[in-house]
Amino acid sequence: MLYEELRKSLHKTVIDLYQKDLIQLNSGNVSARASAEHLAITPTGIPYDRMTPEDIVIIDFGGAFVEGLYAPSSETPMHIAVYKNMPKTAAVVHSHSPYALAFATVGKSIPIICTEGLAVRGPVPVAEYACPGTEAQGRVAVQAMKGPPSVTATLLKNHGVLSAGSSLAQAYSTACRIEMAAKVYFLALQIGTPDILTEKQINEIRNVYSSKKPSP
Ligand SMILES: [Zn+2]
């Protein structure tokens, strides 16, 4: 079986997302670049609590099936669009985490009001609406992440969250931090008007964290 170690790491990421309630049943999906030609991605329609590493599907960057027991995720076109347009991306996590999704439904981006927000290089943008499972969904997601300032995650209007990482661990932690930032922002809005961190404050925090690894 191809890419056994990668399948295991990808499966572990799926389980971690599931246990943190960022994905439920079979919604949301995860992929990782396996080689210059191949991509590993979660299968469509398999509940996460029953998924095994062997269920991860290998496809090429044209979307053609290479190896696996099931069809690849219905969001395969979106994942491929991210890898093709953001070449530094090694892994993509797409979740339907509830607080971030709530902001996606009202088209409100998540500003940086606490350190969790620093996981993305600016406010988490909201992509234009596109039908889930289509190439258009990938196109609008890439468009949102290419806007200034350049960010590696976006809310998908009325759909969920997409995070593109330089590793599976990074794509996973960004997805977690976005959900935490969305939850804090939501709670803060119930009791007042949260102060948004200024560029100067953000740079100060980044400098402190970069001199004291690990980063925020
Ligand atoms: Zn989705």
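Atoms within a ligand are numbered from 1 in the order they appear, just like the ligands themselves.
A salt bridge links Lys200 to Glu204: at least one charged side-chain nitrogen sits closer than 4.0 Å to a carboxylate oxygen. Ion pairing between Glu4 and Arg7 fails under the 4.0 Å rule for side-chain N and carboxylate O. Classification of Lys12 and Asp16 as a salt-bridged pair holds, one side-chain N sitting under 4.0 Å from a carboxylate O.
Checked against a 6.0 Å centroid threshold, the rings of His159 and His96 count as neighbours.
Follow the hydrophobic side-chain contacts under 4.5 Å out from Val124 and you reach Leu189 in the same cluster. Hydrophobic cluster membership is shared by Ile56 and Leu69, with clusters built from Ile, Leu, Val, Met, Phe, Trp and Tyr side chains linked at under 4.5 angstrom.
At a cut-off of 2.8 Å, measuring from the Zn ion (ligand 1), the protein N, O or S atoms that fall short of it are His94 NE2, His96 NE2, His159 NE2, waters left aside.
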